[in-house]
Amino acid sequence: MSCIHYKFRNNSKHDTIQFDGSYITVGEIKQAILGQKKMGRAPDFTLQIINAQTQEIYKDDNQLIPRNADVTVKRVPTGNKVSKAQLAAQSTSIDMYKMSATITPLSSMVNLHILSLNNGLII
């Protein structure tokens, strides 16, 4: 039985994926990690697999990785989901737009007040 050793970039603990054969594809590694870590069926991120020795990023899911290799895993957002910070920023900008659309400039308010004091007569 062959294996691949992996760890997440921010974790010091290595985990192992066991498989039959001399090679495993990057796509199979990603699926195995998602299954082992119970990360869900349709996550809002993808896993990036990096060779731990050479720092080469495996970009093709069909790329073969030899047994006993050591890889680093990085979670990368897919861009489908909006973060809480982005939602807050959008909400704030919309609120500011609404406020600016409803606020009457001070000079207009002063002119209206003067007109009302003069009973509408322009002096």
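The first residue in the sequence is number 1, and the count goes up from there. These figures come from a predicted structure and were not determined experimentally.
- To the nearest 0.5 Å, atoms CZ (R75) and CD (Q48) are separated by 13.5 Å.
- Under a 3.5 Å cut-off, the side chain of S2 and the backbone N or O of G21 do form a donor-acceptor pair.
- We find the CD1-CG distance between I4 and N68 to be 7.5 Å, quoted to the nearest 0.5 Å.
- Nearest heavy atoms, P66 versus A69: O-CB, 3.2 Å.
- Closest approach of D61 and T25 over heavy atoms only: O-CB, 3.5 Å.
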Query - Intermediate values then yes/no, side-chain contact (heavy atoms from CB on, under 4.5 Å), I17 and I33 - result: CA-CA 8 Å; I17 297 171; I33 293 171; 3.7 Å; yes
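- Distance CZ/R67 to OH/Y23: 8.5 Å, rounded to 0.5 Å.
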Report task. Start with the C-alpha gap between I57 and K74, add the side-chain angles, then the distance that decides, and say whether side-chain contact (heavy atoms from CB on, under 4.5 Å) holds. Result -> CA-CA 10 Å; I57 298 172; K74 178 181 174 184; over 6 Å; no
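- Looking at heavy atoms from C-beta onward, I65 lies in side-chain contact with V26 at the 4.5 angstrom threshold.
- Screening N51, V71, I50 for a side-chain contact (heavy atoms from CB on, under 4.5 Å) involving E56 leaves a single residue, N51.
- Heavy atoms only, all atoms of each residue included: L34 and F45 are closest at CD2-CE1, 4.2 Å.
- Side-chain N or O atoms of T72 include none that pairs as donor or acceptor with a backbone N or O of A52 at under 3.5 Å.
- A donor-acceptor pair under 3.5 Å is formed between the side chain of Q36 and the backbone N or O of T16.
- Here the closest non-hydrogen pair linking K7 and K13 is CB-O, 3.4 Å.
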Query raised in the report: Is there a side-chain contact (heavy atoms from CB on, under 4.5 Å) between F19 and I29 once you walk through the steps?
Result: CA-CA 10 Å; F19 61 96; I29 291 173; over 6 Å; no
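- A single hydrophobic cluster is seen to contain both M39 and I49, as judged by linkage of ILVMFWY side chains at heavy-atom distances under 4.5 Å, directly or through other members.
- A side-chain donor-acceptor contact under 3.5 Å links K30 to the backbone of L47.
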